[in-house]
Amino acid sequence: MTYLLKRKWEDDGVHERERWQVIKTLLRERSLVRIADACRATGASEASVRRDFASLAAQGVASRVRGGLEALAAPHPTPGDIVTLATRSFDVSQTLNIDAKRTIAKAAVALCADGDTIIINGGTTTYQMGDYLRDRRLKVLTNSYPLAEILIHHSKCRVALPGGEIYREQGVIVSPFEEDAIQHYSATRMFMSAISIGPLGVIEGDPLLARAESKLLKRAEKLIVLADSSKFAARGSLVVCPLSRIHALVTDSGAPHTAIDMLRQHGVEVIVVDAAAESNAAA
């Protein structure tokens with residue numbers, strides 16, 4: 001009996017390592033591996049895959065996200081590699097807190113009037129503004145090429161893009177140069193999403209993104225930040241701008257009261273939307 005149990009544990013160990021190799025292969029092929037994907041690829045149960053995800057995350061191979069496992073960016077890319085920014089991919093972020101993001105985006109578009117000139121930075125919350133801008137007539141400068149594509153083909157807005165390199169994973173256009181087309185742009189508002197909001201201000205996780213957003217911000221009179229309740233957790237290390245630069249922030253009802261109070265104490269107008277009520281009304 002002892003021998004059989006020992007043999008079973010050894011077999012399970014081998015199978016576990018084999019599953020890890022399969023999952024690692026999937027991670028190299030795509031930025032996000034979902035539980036269902038890993039179950040199909042390995043033939044393992046959901047419980048086994050969840051344990052595998054936890055083990056691989058603990059080893060630093062990848063990071064856990066809701067419903068899956070996300071690949072980490074390679075720290076030292078070799079020549080010929082596709083370079084990515086040190087932030088979560090667009091496809092991954094787009095699946096998180098989607099109801100809140102859509103409700104926040106709808107409220108943000110309600111702040112605009114036809115004829116306005118606005119700036120929208122690349123992000124999954126600002127991307128959701130696209131659906132609500134379809135029947136509006138605005139001039140939009142954006143470094144989000146997924147949003148630009150929607151506006152070009154499905155809206156009446158005039159669209160401008162900055163020059164630069166396209167980062168596919170994040171869906172943004174980033175220029176390495178200080179002088180580019182946006183130097184001649186002037187907007188009434190900039191709508192910005194970010195990796196985090198804290199006492200020091202708007203936080204990003206990648207130097208190129210932080211620099212690009214700082215450049216865009218110089219071209220706008222007012223800054224409107226779109227941040228769902230998850231954005232009040234500490235992450236990232238680069239301050240794009242202080243709280244004093246924010247005119248208004250739109251968030252959902254799950255945002256911590258302490259965070260909302262902090263923002264209001266710094267003179268930020270906080271607009272709180274109810275994502276659940278909006279979702280029920282739409283249903």
Side-chain angles (χ1 to χ4, degrees), residues 1-101 122-125 127 146 166-172 193-196 198 203-209 228-238 254 256 275:
M1 182 66 176
T2 302
Y3 170 79
L4 291 176
L5 285 174
K6 182 174 183 293
R7 182 59 182 272
K8 180 180 186 303
W9 291 338
E10 289 174 349
D11 288 346
D12 285 348
V14 171
H15 294 159
E16 180 182 71
R17 289 194 293 273
E18 290 174 350
R19 293 198 304 271
W20 289 357
Q21 289 303 318
V22 172
I23 294 169
K24 288 177 183 178
T25 299
L26 292 175
L27 283 168
R28 287 194 292 270
E29 295 173 352
R30 62 191 80 171
S31 60
L32 173 68
V33 178
R34 299 190 181 282
I35 291 173
D37 299 333
C39 287
R40 284 193 295 269
T42 63
S45 66
E46 180 177 328
S48 295
V49 167
R50 287 184 182 276
R51 287 195 296 271
D52 293 338
F53 280 11
S55 297
L56 291 171
Q59 296 170 30
V61 172
S63 60
R64 290 298 303 271
V65 295
R66 184 178 178 182
L69 197 66
E70 182 182 3
L72 299 177
H76 300 292
T78 57
D81 283 351
I82 295 176
V83 178
T84 60
L85 302 176
T87 57
R88 182 175 286 164
S89 74
F90 182 86
D91 288 340
V92 171
S93 295
Q94 193 175 205
T95 65
L96 306 176
N97 305 315
I98 185 62
D99 289 339
K101 290 177 179 179
T124 53
T125 307
Y127 168 75
I166 295 175
Y167 288 80
R168 295 180 180 86
E169 285 292 306
Q170 286 75 23
V172 296
S193 57
I195 193 171
S196 178
I203 310 297
E204 267 299 349
D206 185 275
L208 279 178
L209 282 181
D228 67 75
S229 53
S230 70
K231 298 299 178 68
F232 295 97
R235 60 173 73 91
S237 58
L238 301 166

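These numbers come from the heavy atoms of this one structure, side chains and all, not from hydrogens, waters or symmetry mates. For this chain, numbers begin at 1 and follow the sequence in order.
Taking both residues in full, the closest heavy atoms of I23 and A38 are given as CG1-CB, 4.2 Å, listed atom of the first, atom of the second, then distance. Residue I195 comes nearest to E204 through the heavy atom pair CG2-CA, 3.4 Å, listed as atom of the first residue, atom of the second, then distance. Minimum heavy-atom separation, S237 to I203: N-CG2, 3.6 Å. The shortest non-hydrogen separation linking G171 to P146 is O-CD, 3.0 Å. Taking each heavy atom of G123 and S193 in turn, the nearest pair found is CA-OG, 3.4 Å. Of all non-hydrogen atoms in G205 and L238, the two that sit nearest each other are C-CD1, 4.2 Å.
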Starting from the C-alpha separation in whole Å, work towards a yes-or-no answer on side chain to side chain contact (heavy atoms under 4.5 Å, CB included) for Y167 and L208. CA-CA 11 Å; Y167 288 80; L208 279 178; 3.3 Å; yes
Give the C-alpha distance, both sets of side-chain angles, the deciding distance and a yes or no for side chain to side chain contact (heavy atoms under 4.5 Å, CB included) between L69 and R64. CA-CA 5 Å; L69 197 66; R64 290 298 303 271; 3.5 Å; yes
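Taking CZ from R34 and CD from E70, the interatomic distance works out to 10.5 Å, rounded to the nearest 0.5 Å. Atoms OG and CG, from S63 and L32 in turn, are 9.5 Å apart once rounded to the nearest 0.5 Å.
Residues satisfying the side chain to side chain donor-acceptor pair (under 3.5 Å) criterion with S229, sequence neighbours excluded, are D252. For S230, the side chain to side chain donor-acceptor pair (under 3.5 Å) criterion is met by N97, D228, not counting sequence neighbours.
Between the side chain of S196 and the backbone N or O of A233, at least one donor-acceptor pair lies under 3.5 Å.
Under the salt bridge (Lys or Arg N to Asp or Glu O under 4.0 Å) criterion, the residue pairs touching residues 51-62 are R19-D52, with sequence neighbours excluded.
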